[in-house]
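So that the names make sense, note that chain A is the first sequence line, chain B the second, and so on, each numbered from 1.
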Amino acid sequence: MKSNFKPSTSNNYKELEKSHEHNKPQLTNEEFEDYILKSGAKGSFMIYRSKNKSDELGIDEL
Amino acid sequence: MQPTDFRFLRSAENALYKIHYESYDDWIGNFAKNLDLISNENSAKKINDFLDNKIDEKSSAIVIGRGPSLKKNKHLELLSKSDYDGTIICCDGALIDVLKNGVTPDKFKKFIVTSIEPYKRIEKYYIDEVVKSYGNKILAILPVIANPDVVAILQQYKVNIFWIHLLFDLNEGKKSFNYITSKIIRSRINEGLPAIQSGANVGTSSWFIAWKIIGVPNVCLIGINHGWDIDDPIEKIISHGYENKEKKIDPDAKNITKFVKKVFNPDFNCYALQDPIYQFYSETFKEFISRSPSWLNTINATEGGVIFGKKIQSMKFADFLAKHKY
């Protein structure tokens with residue numbers, strides 16, 4: 001399958017983890033949001049948040 | 001295990017808000033095109049009448065996702081050979097595999113498929129001869145903003161459709177999409193529809209449907225991993241399963257691991273890897289499970305993945321099937 005990524009020298013997480021385990025960089029808030037925007041989030045849907053917390057679990061009839 | 005950073009969850013919710021309002025005009029069009037069908041067909045709150053469901057304290061539903069554990073643990077084979085007589089709630093992405101592996105509405109009479117996406121792209125989850133062949137025995141729960149092309153396929157296959165609202169902006173009051181569409185529907189049919197929390201994905205939505213709409217007190221999860229296998233290729237993980245081919249993510253190879261979280265699941269004694277989307281899904285799902293009512297038992301029989309914690313009972317799927325007959 002065609003990938004959007006440049007080929008990396010490591011094929012799986014185990015190899016990458018081994019090479020970076022002592023110097024693992026932190027993900028910033030901006031990087032996280034950017035990732036969500038650019039990746040597969042189109043298959044997601046918005047979370048409903050409300051002051052009425054019980055409504056967040058759904059409404060029997062709207 | 002790396003700790004969860006809850007700042008990221010709010011960032012993800014903000015990002016989804018931006019993404020989805022790009023499609024807002026399409027949702028309005030979808031709703032308008034679906035309105036006659038919504039008016040003439042059924043509210044999801046009537047689905048138990050069609051299932052001939054008599055709910056008691058032992059009643060259960062099995063929510064089937066399409067996570068890697070489903071195949072790895074041969075759960076469909078196990079289910080197809082069982083005499084389980086409860087409700088099957090199949091996420092759309094798993095439907096074709098589920099049917100092809102013998103979990104069919106001929107054997108399991110209470111068979112529901114769920115979709116939440118308002119996009120045409122989910123046609124691929126339905127267009128197949130096996131879906132067509134069982135179409136008139138399948139009940140589908142769809143949001144009022146479902147893509148009309150997807151709806152048309154289900155109609156062509158004679159699938160019985162039941163409608164719901166997906167909550168997203170009701171908190172914004174009388175000008176909200178949720179409020180306005182609910183009033184339009186009530187003006188047509190003099191009753192409302194159930195409105196569910198999506199939890200951002202169809203697996204979590206299906207869990208909500210199981211107890212909020214079907215009303216069962218025992219909800220079993222299979223194929224709901226919210227994570228990747230430890231040996232999956234890094235490109236598959238970081239692209240969320242090659243989900244979006246249109247957009248490019250090209251993090252420096254040295255930094256790829258910072259997008260991936262390694263999680264140990266103590267209930268099943270295994271590791272899983274999560275891209276940021278799965279981190280968001282699982283933390284949100286676990287939040288809602290922890291807030292669910294005391295009468296509800298959420299049983300994770302996935303035998304893998306990352307769904308464990310407060311108010312989640314983990315067990316082998318074979319043990320669930322031995323304990324729950326309906």
Side-chain angles (χ1 to χ4, degrees), chain A, chain B residues 7-8 11-20 45 116-117 119 165-168 170-171 178 182 191-201 208 212 230-235 237-245 247-250 253-260 273 276-277 284 288 291:
Chain A
M1 186 176 288
K2 190 182 173 185
S3 164
N4 289 324
F5 301 95
K6 287 176 183 173
S8 67
T9 50
S10 302
N11 290 325
N12 64 34
Y13 184 83
K14 282 179 191 167
E15 293 168 35
L16 286 168
E17 190 184 37
K18 213 177 283 177
S19 59
H20 298 298
E21 63 187 347
H22 299 301
N23 189 27
K24 183 156 180 147
Q26 293 296 305
L27 193 62
T28 67
N29 224 30
E30 291 72 26
E31 284 174 321
F32 186 86
E33 189 167 329
D34 190 52
Y35 176 91
I36 295 289
L37 285 167
K38 288 180 175 174
S39 61
K42 188 154 187 171
S44 311
F45 199 77
M46 284 187 280
I47 298 288
Y48 179 59
R49 297 293 181 187
S50 169
K51 284 180 185 171
N52 184 346
K53 301 309 278 181
S54 66
D55 280 358
E56 290 183 3
L57 301 180
I59 297 170
D60 291 341
E61 189 174 334
L62 178 63
Chain B
R7 289 174 307 142
F8 292 157
S11 288
E13 290 183 19
N14 291 339
L16 287 178
Y17 189 89
K18 289 177 190 172
I19 289 170
H20 286 116
K45 70 180 180 178
I116 63 162
E117 278 193 45
Y119 307 115
H165 292 287
L166 287 181
L167 289 168
F168 68 94
L170 187 63
N171 56 328
N178 281 150
S182 72
E191 63 177 353
L193 305 178
I196 68 156
Q197 166 72 264
S198 73
N201 66 90
F208 273 111
K212 285 292 286 187
I230 207 86
D231 294 320
D232 277 335
I234 195 73
E235 286 83 2
I237 296 166
I238 202 71
S239 65
H240 192 63
Y242 313 109
E243 180 86 354
N244 190 344
K245 296 182 180 66
K247 303 222 176 182
K248 291 187 184 300
I249 305 165
D250 191 16
K254 289 178 185 171
N255 291 332
I256 282 178
T257 53
K258 74 178 180 179
F259 288 89
V260 181
L273 298 174
I277 291 177
T284 306
F288 289 126
R291 291 169 54 191

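Relative ring orientation between A/Phe45 and B/Phe168 is described as perpendicular, the plane-to-plane angle rising above 60° on a 0-90° scale split at 30° and 60°.
When side chains are defined from C-beta on, B/Asn171 does not count as touching A/Asp55, because their heavy atoms never get closer than 4.5 Å.
Nearest heavy atom pair, residue B/Gly192 against residue A/Glu61, reads N-OE2, 2.7 Å. Contact between B/Lys212 and A/Gly58 at its shortest, heavy atoms only, is NZ-O, 3.5 Å.
Residues meeting the side-chain contact (heavy atoms from CB on, under 4.5 Å) test with A/Lys51, sequence neighbours left out: none. For A/Tyr48, the ring pair (Phe, Tyr, Trp, His ring centres under 6.0 Å) test picks out no residue, with sequence neighbours left out.
Remark: B/Leu167 CG to A/Leu57 CG distance equals 10.5 Å, nearest 0.5 Å. The structure places CD1 of A/Ile47 at 4.5 Å from OG1 of B/Thr284, a figure rounded to the nearest 0.5 Å.
Of the residues B/Leu193, B/Ile196, B/Asn178, the one that meets the side chain to side chain contact (heavy atoms under 4.5 Å, CB included) test with A/Leu62 is B/Asn178.
When heavy atoms are compared at a cutoff of 4.5 Å, B/Phe208 approaches chain A solely by way of its side chain, counted from C-beta outward.
With hydrogens and angles disregarded, a donor-acceptor distance shorter than 3.5 Å links the side chain of B/Ser198 to the backbone of A/Met46. Using a distance-only test at 3.5 Å, with no hydrogens or angles considered, a donor-acceptor pair links the side chain of B/Arg291 to the main chain of A/Lys53.
Under a 4.0 Å N-O distance rule, the pair A/Asp60/B/Lys45 does not qualify as a salt bridge.
Ranked by heavy-atom pairs under 4.5 Å with chain A, the first of B/Lys18, B/Gln197, B/Glu191 is B/Gln197.
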